[in-house]
Amino acid sequence: MKITLNRINDDFLFECTNSQGNSILLDNTTQPGAKGVSPMESVLMAVAGCSGIDVVSILKKQRQEITGFKAEVEGERIPVDDAKPFKSIKVKFLLEGNIDPKKAFKAAQLSFEKYCSVSKTLEPNVEIGYEVFVNGEMVEA
């Protein structure tokens, strides 16, 4: 796996491109007029995307009918010397459709405990939690 980062203005705007030519923009979002997401926001996006792919894939294999899927991710950061890494990340899955709530919760559980490479990469240093809602109702373990 390889990406290329290119600076595309005189400040902090970068284009990151993968080997297939797909790209995202990263920027210093503390500056006015930022045109991309911050690198730390991209980490939260990566957690959401990785676990989202897992959850949808698992539920599709179980023939669950997903008509809506959304994830909200929040990260809490702590100062460590001059950096501010994540201390914790919480993912909230919001699913709509003809979905068995127990299967949805199990899919999320499997993602974070077994499949999601992004959360597994962060896991030694970051506490990662999740909640699952199906058709507006929170699913309990």
Is there side-chain contact between E123 and F112, with at least one heavy-atom pair below 4.5 Å?
-> no

Side chains of I128 and L122: closer than 4.5 Å at any heavy-atom pair?
-> yes

Sub-4.5 Å side-chain heavy-atom contact between F86 and L44 | yes

Side chains of S38 and D27: does their closest heavy-atom pair fall under 4.5 Å?
-> no

Geometric cation-pi criterion K92 and F133, 6.0 Å radius, 45° cone | yes

Can K90 and E131 be said to form a salt bridge (Lys or Arg N to Asp or Glu O under 4.0 Å), step by step?
-> CA-CA 8 Å; K90 186 173 185 181; E131 293 178 329; 3.2 Å; yes

Kindly work out whether a path of hydrophobic side-chain contacts (I/L/V/M/F/W/Y, heavy atoms less than 4.5 Å apart) joins M40 to V126.
-> yes

Check: N6 and F14 side chains under 4.5 Å, non-hydrogen atoms = no

Heavy-atom side-chain proximity of V56 to F69 below 4.5 angstrom = yes

Any side-chain donor-acceptor pair under 3.5 Å between S23 and E15?
-> yes

Would you say the side chains of N28 and T30 form a donor-acceptor pair under 3.5 Å?
-> yes

ILVMFWY clustering at 4.5 Å (side-chain atoms), partners of L110 = I58, Y115

Would you mind reporting whether L59 and K103 have side-chain heavy atoms less than 4.5 Å apart?
-> yes

Just wondering, more than 12 heavy atoms not from E74 lying within 6.0 Å of its CD?
-> no

Can you find a heavy atom in the side chain of V37 that is under 4.5 Å from one in the side chain of L26?
-> yes

Looking at I66, V139, L94, N98, which one forms a side-chain contact (heavy atoms from CB on, under 4.5 Å) with V134?
-> V139

